[in-house]
Amino acid sequence: MQLIFNLILELILAVFWLWIFRQRRAHEEEEKLLAEQERFLDEFAGQYAKRGDMLEALEESLQVCGSNAQSKLMGLLDALRTDSGPEDGGYPAGCTKDACFLLLFTLCYTIRSFGDLRIQGVSLFVHNIRYIKEEVRTELLRRQEGRYAFLGLTALCVLPFFFTIPIQLWSASVSADLSRFYTGTYGFVTLVVCFLLTILCVICVQELQYPTMPDGRKHTVAMRLLQFPALAMLVDMHIAAHYSRYLKKNEALKVLRGFGNIREFLVQKLLCAIGSGLFAGMIIAGCVASGAGERLSGLPGIHVSGTAVLLLLLCAVVIGYVLPDAWVIILQVRIGQQKSEETLRFETLILIVMHHSVITVEEILRWMERFSVVFSRALQRAVDDFSYRRRESLEQLKEDLAYEPAKKLVDALIVCDDIPVVRAFYDLEGERAYHMEQHRQKAESLQREKAAFARVIAFLPFVALLALRLVVPFVLEGLTQLNSY
(Lines give C-alpha, C1' and ligand atoms only; values in the text may rest on other atoms or scores of the structure.)
Protein backbone atom coordinates (compact mmCIF):
# COMPACT_ATOMS: atom_id res chain seq x y z
CA MET A 1 0.00 0.00 0.00
CA GLN A 2 2.85 2.37 0.83
CA LEU A 3 4.42 1.76 -2.60
CA ILE A 4 1.12 2.61 -4.32
CA PHE A 5 0.88 5.85 -2.33
CA ASN A 6 4.49 6.61 -3.25
CA LEU A 7 3.76 6.06 -6.95
CA ILE A 8 0.73 8.37 -6.75
CA LEU A 9 2.87 11.13 -5.24
CA GLU A 10 5.50 10.64 -7.94
CA LEU A 11 2.81 10.91 -10.62
CA ILE A 12 1.52 14.14 -9.08
CA LEU A 13 5.06 15.51 -8.93
CA ALA A 14 5.69 14.55 -12.57
CA VAL A 15 2.54 16.41 -13.69
CA PHE A 16 3.55 19.41 -11.57
CA TRP A 17 7.03 19.35 -13.15
CA LEU A 18 5.52 19.33 -16.64
CA TRP A 19 3.38 22.34 -15.69
CA ILE A 20 6.48 24.19 -14.43
CA PHE A 21 8.29 23.27 -17.65
CA ARG A 22 5.40 24.71 -19.66
CA GLN A 23 5.58 27.93 -17.64
CA ARG A 24 9.30 28.17 -18.32
CA ARG A 25 8.69 27.72 -22.04
CA ALA A 26 6.37 30.72 -21.91
CA HIS A 27 9.12 32.80 -20.27
CA GLU A 28 11.59 31.61 -22.90
CA GLU A 29 9.16 32.79 -25.59
CA GLU A 30 9.13 36.22 -23.95
CA GLU A 31 12.93 36.25 -24.02
CA LYS A 32 12.86 35.28 -27.69
CA LEU A 33 10.41 38.12 -28.35
CA LEU A 34 12.78 40.60 -26.69
CA ALA A 35 15.63 39.43 -28.95
CA GLU A 36 13.37 39.91 -31.98
CA GLN A 37 12.45 43.39 -30.78
CA GLU A 38 16.11 44.36 -30.52
CA ARG A 39 16.81 43.17 -34.07
CA PHE A 40 13.70 44.94 -35.33
CA LEU A 41 14.66 48.27 -33.74
CA ASP A 42 18.11 48.13 -35.38
CA GLU A 43 16.53 47.37 -38.75
CA PHE A 44 13.80 49.98 -38.26
CA ALA A 45 16.30 52.77 -37.57
CA GLY A 46 18.32 51.78 -40.65
CA GLN A 47 15.29 51.58 -42.92
CA TYR A 48 14.01 54.96 -41.72
CA ALA A 49 17.41 56.58 -42.35
CA LYS A 50 17.35 55.08 -45.86
CA ARG A 51 13.72 55.77 -46.85
CA GLY A 52 12.70 58.77 -44.74
CA ASP A 53 9.14 57.43 -44.45
CA MET A 54 8.16 55.91 -41.12
CA LEU A 55 5.35 53.62 -42.32
CA GLU A 56 7.39 52.25 -45.22
CA ALA A 57 10.37 51.65 -42.91
CA LEU A 58 8.12 49.87 -40.42
CA GLU A 59 6.63 47.65 -43.11
CA GLU A 60 10.05 46.71 -44.51
CA SER A 61 11.49 45.98 -41.04
CA LEU A 62 8.84 43.36 -40.25
CA GLN A 63 10.80 40.77 -42.21
CA VAL A 64 13.45 40.33 -39.49
CA CYS A 65 10.86 39.38 -36.83
CA GLY A 66 9.23 36.09 -35.90
CA SER A 67 5.52 35.42 -36.13
CA ASN A 68 4.69 36.62 -32.60
CA ALA A 69 6.47 39.96 -32.97
CA GLN A 70 5.14 40.35 -36.51
CA SER A 71 1.52 40.06 -35.37
CA LYS A 72 2.02 42.81 -32.76
CA LEU A 73 3.89 45.04 -35.18
CA MET A 74 1.18 44.57 -37.79
CA GLY A 75 -1.32 45.78 -35.19
CA LEU A 76 0.92 48.77 -34.53
CA LEU A 77 1.16 49.49 -38.26
CA ASP A 78 -2.63 49.27 -38.69
CA ALA A 79 -3.15 51.62 -35.72
CA LEU A 80 -0.74 54.17 -37.18
CA ARG A 81 -2.51 54.08 -40.54
CA THR A 82 -5.79 55.12 -38.93
CA ASP A 83 -6.61 58.65 -37.85
CA SER A 84 -7.51 57.67 -34.28
CA GLY A 85 -5.06 58.40 -31.48
CA PRO A 86 -4.60 56.87 -28.02
CA GLU A 87 -7.27 59.12 -26.58
CA ASP A 88 -9.73 57.53 -29.04
CA GLY A 89 -8.72 54.00 -28.11
CA GLY A 90 -6.33 53.77 -31.04
CA TYR A 91 -3.88 51.40 -29.37
CA PRO A 92 -2.25 48.69 -31.47
CA ALA A 93 -4.00 45.34 -31.04
CA GLY A 94 -2.29 43.02 -28.55
CA CYS A 95 0.30 45.62 -27.45
CA THR A 96 -1.36 47.22 -24.43
CA LYS A 97 0.65 45.14 -21.94
CA ASP A 98 4.03 45.31 -23.70
CA ALA A 99 6.12 48.31 -22.64
CA CYS A 100 8.44 48.18 -25.65
CA PHE A 101 5.61 48.22 -28.19
CA LEU A 102 3.79 50.97 -26.29
CA LEU A 103 6.92 53.13 -26.26
CA LEU A 104 7.43 52.46 -29.96
CA PHE A 105 3.79 53.34 -30.65
CA THR A 106 4.21 56.57 -28.66
CA LEU A 107 7.27 57.48 -30.72
CA CYS A 108 5.65 56.65 -34.05
CA TYR A 109 2.41 58.39 -33.11
CA THR A 110 4.16 61.66 -32.14
CA ILE A 111 6.28 61.63 -35.30
CA ARG A 112 3.19 60.92 -37.43
CA SER A 113 1.25 63.70 -35.72
CA PHE A 114 3.90 66.41 -35.35
CA GLY A 115 6.63 65.44 -37.80
CA ASP A 116 10.30 64.58 -37.27
CA LEU A 117 12.85 67.06 -35.92
CA ARG A 118 16.62 67.41 -36.14
CA ILE A 119 18.42 67.58 -32.80
CA GLN A 120 22.09 68.52 -33.23
CA GLY A 121 21.97 67.21 -36.79
CA VAL A 122 20.45 63.85 -35.80
CA SER A 123 16.89 62.72 -36.55
CA LEU A 124 14.81 62.85 -33.36
CA PHE A 125 13.06 59.66 -34.42
CA VAL A 126 16.32 57.69 -34.79
CA HIS A 127 17.70 59.26 -31.63
CA ASN A 128 14.67 58.17 -29.59
CA ILE A 129 14.71 54.62 -30.94
CA ARG A 130 18.02 54.30 -29.10
CA TYR A 131 16.26 54.76 -25.75
CA ILE A 132 13.74 52.02 -26.48
CA LYS A 133 16.47 49.67 -27.71
CA GLU A 134 18.45 50.31 -24.53
CA GLU A 135 15.51 49.25 -22.36
CA VAL A 136 14.95 46.13 -24.45
CA ARG A 137 18.63 45.15 -24.32
CA THR A 138 18.82 45.69 -20.55
CA GLU A 139 15.78 43.48 -19.94
CA LEU A 140 17.04 40.84 -22.39
CA LEU A 141 20.47 40.63 -20.73
CA ARG A 142 18.86 40.39 -17.29
CA ARG A 143 16.69 37.48 -18.40
CA GLN A 144 19.58 35.67 -20.11
CA GLU A 145 21.84 36.01 -17.09
CA GLY A 146 19.01 34.83 -14.85
CA ARG A 147 18.39 31.78 -17.04
CA TYR A 148 22.01 30.67 -16.71
CA ALA A 149 22.14 31.50 -12.98
CA PHE A 150 19.09 29.29 -12.25
CA LEU A 151 19.98 26.56 -14.77
CA GLY A 152 19.13 23.06 -13.49
CA LEU A 153 17.86 24.13 -10.07
CA THR A 154 14.27 22.99 -10.67
CA ALA A 155 15.46 19.54 -11.74
CA LEU A 156 17.68 19.41 -8.67
CA CYS A 157 14.60 20.02 -6.52
CA VAL A 158 12.41 17.40 -8.21
CA LEU A 159 14.68 14.46 -9.08
CA PRO A 160 15.59 13.29 -5.52
CA PHE A 161 11.98 12.36 -4.73
CA PHE A 162 11.93 9.82 -7.58
CA PHE A 163 14.64 7.85 -5.69
CA THR A 164 12.36 7.13 -2.72
CA ILE A 165 11.23 3.75 -4.08
CA PRO A 166 14.76 2.60 -5.12
CA ILE A 167 16.04 3.57 -1.65
CA GLN A 168 13.21 1.63 0.00
CA LEU A 169 13.82 -1.48 -2.12
CA TRP A 170 17.59 -1.34 -1.59
CA SER A 171 17.16 -0.93 2.20
CA ALA A 172 14.82 -3.94 2.30
CA SER A 173 17.43 -6.02 0.45
CA VAL A 174 20.08 -5.03 3.01
CA SER A 175 17.96 -5.83 6.07
CA ALA A 176 14.35 -6.96 6.32
CA ASP A 177 13.99 -5.14 9.65
CA LEU A 178 14.42 -1.80 7.89
CA SER A 179 11.03 -2.23 6.19
CA ARG A 180 9.23 -0.94 9.29
CA PHE A 181 10.78 2.48 8.68
CA TYR A 182 9.17 2.64 5.23
CA THR A 183 5.79 0.93 5.65
CA GLY A 184 4.70 2.36 9.00
CA THR A 185 3.93 5.76 10.47
CA TYR A 186 7.53 6.97 10.17
CA GLY A 187 7.62 6.04 6.49
CA PHE A 188 4.30 7.80 5.77
CA VAL A 189 5.30 10.98 7.59
CA THR A 190 8.76 11.22 6.02
CA LEU A 191 7.36 10.52 2.55
CA VAL A 192 4.78 13.31 2.89
CA VAL A 193 7.43 15.68 4.31
CA CYS A 194 9.79 15.00 1.38
CA PHE A 195 6.94 15.48 -1.11
CA LEU A 196 5.73 18.75 0.39
CA LEU A 197 9.29 20.05 0.73
CA THR A 198 9.93 19.25 -2.95
CA ILE A 199 6.78 21.11 -4.06
CA LEU A 200 7.59 24.08 -1.82
CA CYS A 201 11.20 24.30 -3.03
CA VAL A 202 10.17 24.15 -6.70
CA ILE A 203 7.67 26.97 -6.16
CA CYS A 204 10.29 29.06 -4.32
CA VAL A 205 12.90 28.59 -7.06
CA GLN A 206 10.32 29.43 -9.73
CA GLU A 207 9.23 32.58 -7.87
CA LEU A 208 12.83 33.67 -7.31
CA GLN A 209 13.64 33.34 -11.00
CA TYR A 210 10.36 34.62 -12.43
CA PRO A 211 8.65 36.92 -9.89
CA THR A 212 4.92 37.11 -10.50
CA MET A 213 2.34 39.74 -9.63
CA PRO A 214 -1.41 39.14 -9.28
CA ASP A 215 -3.54 39.64 -12.37
CA GLY A 216 -6.57 41.80 -11.66
CA ARG A 217 -8.28 40.60 -14.85
CA LYS A 218 -8.76 37.06 -13.52
CA HIS A 219 -12.05 36.12 -11.89
CA THR A 220 -10.80 34.51 -8.67
CA VAL A 221 -12.53 31.97 -6.43
CA ALA A 222 -12.91 34.67 -3.75
CA MET A 223 -14.75 36.92 -6.22
CA ARG A 224 -17.12 34.08 -7.12
CA LEU A 225 -17.81 33.25 -3.47
CA LEU A 226 -18.59 36.90 -2.69
CA GLN A 227 -21.47 36.69 -5.15
CA PHE A 228 -23.34 34.70 -2.49
CA PRO A 229 -25.27 37.27 -0.42
CA ALA A 230 -24.87 35.43 2.90
CA LEU A 231 -21.08 35.28 2.70
CA ALA A 232 -20.84 38.86 1.46
CA MET A 233 -22.99 40.04 4.37
CA LEU A 234 -20.81 38.20 6.93
CA VAL A 235 -17.63 39.67 5.43
CA ASP A 236 -19.10 43.19 5.44
CA MET A 237 -20.15 42.79 9.08
CA HIS A 238 -16.64 41.70 10.03
CA ILE A 239 -15.11 44.65 8.16
CA ALA A 240 -17.51 47.08 9.82
CA ALA A 241 -16.46 45.79 13.25
CA HIS A 242 -12.78 46.52 12.48
CA TYR A 243 -13.23 49.38 10.03
CA SER A 244 -10.15 51.51 10.79
CA ARG A 245 -7.72 48.57 10.61
CA TYR A 246 -9.17 47.19 7.38
CA LEU A 247 -9.32 50.64 5.78
CA LYS A 248 -5.51 50.89 5.98
CA LYS A 249 -5.16 47.32 4.73
CA ASN A 250 -7.46 48.05 1.80
CA GLU A 251 -5.30 51.02 0.74
CA ALA A 252 -2.20 48.82 0.87
CA LEU A 253 -3.91 46.18 -1.27
CA LYS A 254 -4.94 48.73 -3.91
CA VAL A 255 -1.27 49.57 -4.50
CA LEU A 256 -0.66 45.96 -5.55
CA ARG A 257 -3.05 46.39 -8.52
CA GLY A 258 -4.59 42.95 -8.92
CA PHE A 259 -4.53 41.41 -5.45
CA GLY A 260 -8.11 42.53 -4.88
CA ASN A 261 -9.84 44.59 -2.23
CA ILE A 262 -10.15 43.84 1.46
CA ARG A 263 -13.31 41.75 0.99
CA GLU A 264 -11.59 39.40 -1.47
CA PHE A 265 -8.49 39.31 0.73
CA LEU A 266 -10.46 38.17 3.80
CA VAL A 267 -12.16 35.42 1.79
CA GLN A 268 -8.73 34.30 0.52
CA LYS A 269 -7.48 34.09 4.09
CA LEU A 270 -10.51 32.01 5.05
CA LEU A 271 -10.02 29.66 2.08
CA CYS A 272 -6.32 29.20 2.89
CA ALA A 273 -7.16 28.45 6.53
CA ILE A 274 -9.80 25.86 5.58
CA GLY A 275 -7.54 24.29 2.96
CA SER A 276 -4.60 24.03 5.37
CA GLY A 277 -6.84 22.48 8.03
CA LEU A 278 -8.23 19.90 5.61
CA PHE A 279 -4.78 19.04 4.32
CA ALA A 280 -3.42 18.64 7.85
CA GLY A 281 -6.44 16.45 8.68
CA MET A 282 -5.67 14.17 5.73
CA ILE A 283 -2.05 13.80 6.86
CA ILE A 284 -3.12 13.03 10.44
CA ALA A 285 -5.65 10.48 9.16
CA GLY A 286 -2.88 8.84 7.13
CA CYS A 287 -0.64 8.73 10.20
CA VAL A 288 -3.41 7.14 12.27
CA ALA A 289 -4.10 4.57 9.55
CA SER A 290 -0.40 3.74 9.29
CA GLY A 291 -0.18 3.37 13.09
CA ALA A 292 -3.18 1.01 13.07
CA GLY A 293 -1.51 -1.06 10.38
CA GLU A 294 1.64 -1.29 12.47
CA ARG A 295 -0.29 -2.53 15.51
CA LEU A 296 -2.10 -5.16 13.43
CA SER A 297 1.29 -6.36 12.19
CA GLY A 298 2.56 -6.70 15.72
CA LEU A 299 4.89 -3.69 15.49
CA PRO A 300 4.87 -0.82 18.00
CA GLY A 301 2.80 2.05 16.61
CA ILE A 302 2.70 5.77 17.42
CA HIS A 303 -0.30 6.79 19.52
CA VAL A 304 -1.62 10.28 18.79
CA SER A 305 -3.86 11.81 21.48
CA GLY A 306 -6.94 13.86 20.67
CA THR A 307 -5.37 16.98 22.21
CA ALA A 308 -2.30 16.64 19.97
CA VAL A 309 -4.53 16.25 16.91
CA LEU A 310 -6.47 19.42 17.79
CA LEU A 311 -3.26 21.38 18.36
CA LEU A 312 -1.84 20.23 15.03
CA LEU A 313 -5.05 21.18 13.22
CA LEU A 314 -5.13 24.56 14.95
CA CYS A 315 -1.52 25.27 13.98
CA ALA A 316 -2.27 24.34 10.35
CA VAL A 317 -5.32 26.62 10.27
CA VAL A 318 -3.38 29.54 11.75
CA ILE A 319 -0.52 29.06 9.27
CA GLY A 320 -2.98 28.98 6.37
CA TYR A 321 -4.73 32.09 7.67
CA VAL A 322 -1.52 34.19 7.74
CA LEU A 323 -0.16 32.92 4.40
CA PRO A 324 -1.92 35.66 2.35
CA ASP A 325 -0.41 38.30 4.66
CA ALA A 326 3.07 36.89 4.06
CA TRP A 327 2.43 36.91 0.29
CA VAL A 328 1.36 40.57 0.48
CA ILE A 329 4.67 41.45 2.19
CA ILE A 330 6.60 39.71 -0.61
CA LEU A 331 4.59 41.55 -3.26
CA GLN A 332 5.21 44.89 -1.57
CA VAL A 333 8.96 44.27 -1.85
CA ARG A 334 8.54 43.53 -5.57
CA ILE A 335 6.55 46.72 -5.99
CA GLY A 336 9.71 48.67 -5.14
CA GLN A 337 11.50 47.13 -8.12
CA GLN A 338 8.53 47.88 -10.36
CA LYS A 339 8.55 51.52 -9.25
CA SER A 340 12.12 51.84 -10.53
CA GLU A 341 11.18 50.24 -13.87
CA GLU A 342 8.13 52.44 -14.34
CA THR A 343 10.05 55.61 -13.50
CA LEU A 344 12.64 54.72 -16.13
CA ARG A 345 9.79 54.19 -18.59
CA PHE A 346 8.32 57.58 -17.72
CA GLU A 347 11.70 59.21 -18.37
CA THR A 348 11.94 57.45 -21.75
CA LEU A 349 8.41 58.56 -22.58
CA ILE A 350 9.12 62.21 -21.72
CA LEU A 351 12.35 62.15 -23.73
CA ILE A 352 10.33 60.95 -26.72
CA VAL A 353 7.68 63.69 -26.59
CA MET A 354 9.31 66.69 -24.89
CA HIS A 355 10.89 68.22 -28.02
CA HIS A 356 7.50 68.80 -29.63
CA SER A 357 6.29 72.26 -28.65
CA VAL A 358 2.61 71.29 -28.88
CA ILE A 359 2.94 68.69 -26.10
CA THR A 360 1.25 69.86 -22.89
CA VAL A 361 1.58 68.78 -19.28
CA GLU A 362 -1.87 67.22 -19.34
CA GLU A 363 -0.96 65.09 -22.37
CA ILE A 364 2.22 63.93 -20.65
CA LEU A 365 0.19 62.94 -17.57
CA ARG A 366 -2.24 61.00 -19.76
CA TRP A 367 0.60 59.16 -21.47
CA MET A 368 2.15 58.33 -18.09
CA GLU A 369 -1.19 56.98 -16.86
CA ARG A 370 -1.47 54.69 -19.90
CA PHE A 371 2.00 53.29 -19.22
CA SER A 372 1.63 52.86 -15.47
CA VAL A 373 0.64 49.94 -13.28
CA VAL A 374 2.13 50.73 -9.87
CA PHE A 375 1.41 54.48 -10.03
CA SER A 376 -1.81 54.21 -12.03
CA ARG A 377 -4.20 55.17 -9.21
CA ALA A 378 -2.23 58.29 -8.32
CA LEU A 379 -1.87 59.31 -11.97
CA GLN A 380 -5.53 58.69 -12.70
CA ARG A 381 -6.50 60.98 -9.84
CA ALA A 382 -4.10 63.65 -11.10
CA VAL A 383 -5.48 63.44 -14.64
CA ASP A 384 -9.07 63.69 -13.40
CA ASP A 385 -8.31 66.73 -11.21
CA PHE A 386 -5.90 68.50 -13.56
CA SER A 387 -8.47 70.44 -15.57
CA TYR A 388 -9.84 72.39 -12.56
CA ARG A 389 -7.03 72.06 -9.97
CA ARG A 390 -3.87 72.24 -12.03
CA ARG A 391 -1.20 73.06 -9.43
CA GLU A 392 -2.96 71.30 -6.54
CA SER A 393 -3.36 68.05 -8.51
CA LEU A 394 0.39 67.92 -9.26
CA GLU A 395 1.26 68.64 -5.63
CA GLN A 396 -1.08 65.86 -4.55
CA LEU A 397 0.50 63.58 -7.14
CA LYS A 398 3.91 64.14 -5.54
CA GLU A 399 2.57 62.97 -2.19
CA ASP A 400 0.79 59.97 -3.69
CA LEU A 401 3.81 58.72 -5.66
CA ALA A 402 6.05 58.54 -2.56
CA TYR A 403 9.07 57.63 -4.73
CA GLU A 404 11.82 60.23 -5.08
CA PRO A 405 12.85 59.78 -8.77
CA ALA A 406 9.18 59.91 -9.82
CA LYS A 407 8.57 62.98 -7.64
CA LYS A 408 11.42 64.78 -9.48
CA LEU A 409 9.52 64.29 -12.74
CA VAL A 410 6.43 65.86 -11.16
CA ASP A 411 8.56 68.82 -9.98
CA ALA A 412 9.61 69.38 -13.58
CA LEU A 413 5.97 69.17 -14.72
CA ILE A 414 5.08 71.88 -12.19
CA VAL A 415 7.83 74.12 -13.59
CA CYS A 416 6.35 73.68 -17.08
CA ASP A 417 3.79 76.36 -16.16
CA ASP A 418 6.57 78.95 -16.42
CA ILE A 419 8.98 77.52 -19.01
CA PRO A 420 8.69 75.20 -22.06
CA VAL A 421 8.63 71.44 -21.49
CA VAL A 422 11.97 70.88 -23.20
CA ARG A 423 13.68 73.36 -20.85
CA ALA A 424 11.99 71.94 -17.75
CA PHE A 425 13.49 68.52 -18.58
CA TYR A 426 16.84 69.83 -19.87
CA ASP A 427 18.90 67.33 -17.79
CA LEU A 428 16.52 64.38 -18.10
CA GLU A 429 18.82 62.40 -20.42
CA GLY A 430 21.62 62.47 -17.87
CA GLU A 431 19.22 61.61 -15.03
CA ARG A 432 17.86 58.70 -17.02
CA ALA A 433 21.35 57.37 -17.76
CA TYR A 434 22.19 57.52 -14.05
CA HIS A 435 18.92 55.84 -13.03
CA MET A 436 19.36 53.20 -15.74
CA GLU A 437 22.83 52.28 -14.47
CA GLN A 438 21.66 52.31 -10.87
CA HIS A 439 18.67 50.14 -11.75
CA ARG A 440 20.87 47.71 -13.69
CA GLN A 441 23.34 47.33 -10.82
CA LYS A 442 20.58 46.79 -8.27
CA ALA A 443 18.89 44.24 -10.52
CA GLU A 444 22.15 42.33 -11.03
CA SER A 445 22.92 42.35 -7.31
CA LEU A 446 19.40 41.20 -6.45
CA GLN A 447 19.54 38.48 -9.08
CA ARG A 448 22.84 37.14 -7.72
CA GLU A 449 21.41 37.06 -4.21
CA LYS A 450 18.27 35.29 -5.38
CA ALA A 451 20.29 32.75 -7.39
CA ALA A 452 22.50 31.98 -4.37
CA PHE A 453 19.42 31.55 -2.17
CA ALA A 454 17.78 29.35 -4.83
CA ARG A 455 20.83 27.05 -4.90
CA VAL A 456 20.50 26.52 -1.15
CA ILE A 457 16.78 25.82 -1.51
CA ALA A 458 17.35 23.40 -4.40
CA PHE A 459 19.53 21.14 -2.22
CA LEU A 460 16.98 20.88 0.61
CA PRO A 461 14.90 18.02 -0.94
CA PHE A 462 18.08 15.99 -1.52
CA VAL A 463 19.30 16.57 2.04
CA ALA A 464 15.87 15.76 3.50
CA LEU A 465 15.57 12.55 1.47
CA LEU A 466 19.10 11.46 2.39
CA ALA A 467 18.59 12.16 6.10
CA LEU A 468 15.00 11.01 6.63
CA ARG A 469 14.82 8.03 4.26
CA LEU A 470 18.37 6.68 4.45
CA VAL A 471 20.55 7.92 7.30
CA VAL A 472 17.98 7.96 10.14
CA PRO A 473 16.58 4.43 9.45
CA PHE A 474 20.07 2.90 9.30
CA VAL A 475 21.18 4.71 12.47
CA LEU A 476 18.06 3.71 14.40
CA GLU A 477 18.31 0.13 13.20
CA GLY A 478 21.98 0.01 14.20
CA LEU A 479 21.17 1.33 17.69
CA THR A 480 18.34 -1.20 18.02
CA GLN A 481 20.70 -4.07 17.19
CA LEU A 482 23.29 -2.77 19.65
CA ASN A 483 20.71 -2.68 22.45
CA SER A 484 19.75 -6.29 21.72
CA TYR A 485 23.23 -7.56 22.68
Side-chain angles (χ1 to χ4, degrees), residues 1-33 68 142-171 182 187-215 218 220-221 271-272 275-276 278-280 282-283 286 316 319-320 323 326-327 330-331 334 447 449-471:
M1 183 60 101
Q2 195 87 354
L3 286 175
I4 295 175
F5 180 67
N6 200 330
L7 287 172
I8 292 174
L9 292 182
E10 288 187 359
L11 179 62
I12 294 173
L13 187 59
V15 173
F16 179 70
W17 194 4
L18 290 175
W19 180 77
I20 291 293
F21 182 75
R22 183 178 178 181
Q23 294 294 108
R24 286 180 174 270
R25 288 293 299 271
H27 289 293
E28 290 174 2
E29 288 297 322
E30 292 178 4
E31 184 180 319
K32 182 180 177 182
L33 180 61
N68 192 11
R142 186 189 67 80
R143 287 176 178 254
Q144 290 175 343
E145 291 170 359
R147 178 159 49 86
Y148 289 114
F150 286 83
L151 188 64
L153 295 185
T154 303
L156 186 59
C157 291
V158 174
L159 287 177
F161 189 81
F162 291 97
F163 287 91
T164 51
I165 293 179
I167 288 175
Q168 180 177 342
L169 296 176
W170 176 78
S171 300
Y182 300 98
F188 177 81
V189 172
T190 55
L191 188 64
V192 172
V193 167
C194 290
F195 175 77
L196 292 179
L197 185 62
T198 299
I199 295 291
L200 180 62
C201 289
V202 171
I203 293 174
C204 289
V205 170
Q206 183 76 1
E207 281 295 319
L208 286 170
Q209 184 174 2
Y210 302 112
T212 58
M213 294 295 291
D215 188 356
K218 291 184 177 179
T220 62
V221 176
L271 290 175
C272 288
S276 300
L278 291 175
F279 189 74
M282 292 172 59
I283 294 177
I319 291 173
L323 275 178
W327 183 237
I330 294 173
L331 292 179
R334 292 179 181 174
Q447 188 162 261
E449 293 175 2
K450 292 195 295 185
F453 186 49
R455 293 187 192 100
V456 175
I457 292 175
F459 276 99
L460 291 180
F462 171 75
V463 173
L465 179 70
L466 187 67
L468 297 176
R469 305 284 292 184
L470 194 61
V471 175

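Remark: Glu29 pairs with no residue by the salt bridge (charged side-chain N to carboxylate O under 4.0 Å, His left out) rule, at least two apart or across chains. Partners of Leu169 under the side-chain contact (heavy atoms from CB on, under 4.5 Å) rule, at least two apart in sequence or in another chain, are Ile165. Among residues two or more places apart in sequence or in another chain, the salt bridge (charged side-chain N to carboxylate O under 4.0 Å, His left out) test is passed with Glu31 by Arg147.
In summary, the side chains of Ser171 and Arg469 do not present any donor paired with an acceptor at a separation below 3.5 Å, with no hydrogens or angles considered.
Contact annotation: the side chain of Gln23 never approaches that of Tyr210 to less than 4.5 Å [non-hydrogen atoms, C-beta and beyond]. You'll find the side chain of Leu159 reaches within 4.5 Å of the side chain of Trp17, heavy atoms only. Arg22 has its side chain out of reach of Leu18: every pair of non-hydrogen atoms, C-beta onward, lies at least 4.5 Å apart. Looking only at side-chain heavy atoms (C-beta outward), Phe161 and Leu9 come within less than 4.5 Å of each other. Residues Ile167 and Leu465 are in side-chain contact: their nearest non-hydrogen atoms beyond the backbone lie under 4.5 Å apart. Put simply, the side chain of Asn6 does not reach to within 4.5 Å of the side chain of Phe195, judged on heavy atoms. Contact check for Gln209 versus Gln447: no side-chain heavy atoms found under the 4.5 Å cut-off.
In this structure, CZ in Phe5 is found 6.0 Å from CG in Leu191, a value given to the nearest 0.5 Å. Atom SG of Cys157 sits about 7.0 Å away from atom CG of Leu153, to the nearest 0.5 Å. For the atom pair CZ (Phe462) and CZ (Phe163), the distance works out to 9.5 Å, reported to the nearest 0.5 Å. Distance check: Leu3 CG to Glu10 CD gives 9.5 Å after rounding to the nearest 0.5 Å. Taking NZ from Lys32 and CZ from Arg143, the interatomic distance works out to 15.0 Å, rounded to the nearest 0.5 Å. Between the CD1 atom in Ile203 and the CD1 atom in Ile457 there is a gap of 11.5 Å [rounded to 0.5 Å].
Listed here is the closest heavy atom pair of Leu208 and Lys450: O-NZ, 3.1 Å. Between Ile283 and Phe188, the shortest heavy-atom contact is O-CE2, 3.4 Å. Contact between Ser276 and Gly320 at its shortest, heavy atoms only, is OG-CA, 3.2 Å. Of all heavy-atom pairs between Leu197 and Ala464, the closest is CD2-CB, 3.5 Å. Listed here is the closest heavy atom pair of Ala316 and Ala280: CB-CB, 3.4 Å.
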- request: Evaluate the side chain to side chain contact (heavy atoms under 4.5 Å, CB included) criterion for residues Phe453 and Val205: first the C-alpha distance (whole Å), next the side-chain angles of each, then the deciding distance (0.1 Å), finally the verdict.
  value: CA-CA 9 Å; Phe453 186 49; Val205 170; over 6 Å; no
Criterion side chain to side chain contact (heavy atoms under 4.5 Å, CB included) on Val192 and Leu196, from CA distance to verdict: CA-CA 6 Å; Val192 172; Leu196 292 179; 3.9 Å; yes
task: Start with the C-alpha gap between Phe16 and Val158, add the side-chain angles, then the distance that decides, and say whether side chain to side chain contact (heavy atoms under 4.5 Å, CB included) holds.
output: CA-CA 10 Å; Phe16 179 70; Val158 174; 5.9 Å; no
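For Arg334 and Glu207, the salt-bridge test passes: some basic side-chain N is under 4.0 Å from an acidic carboxylate O.
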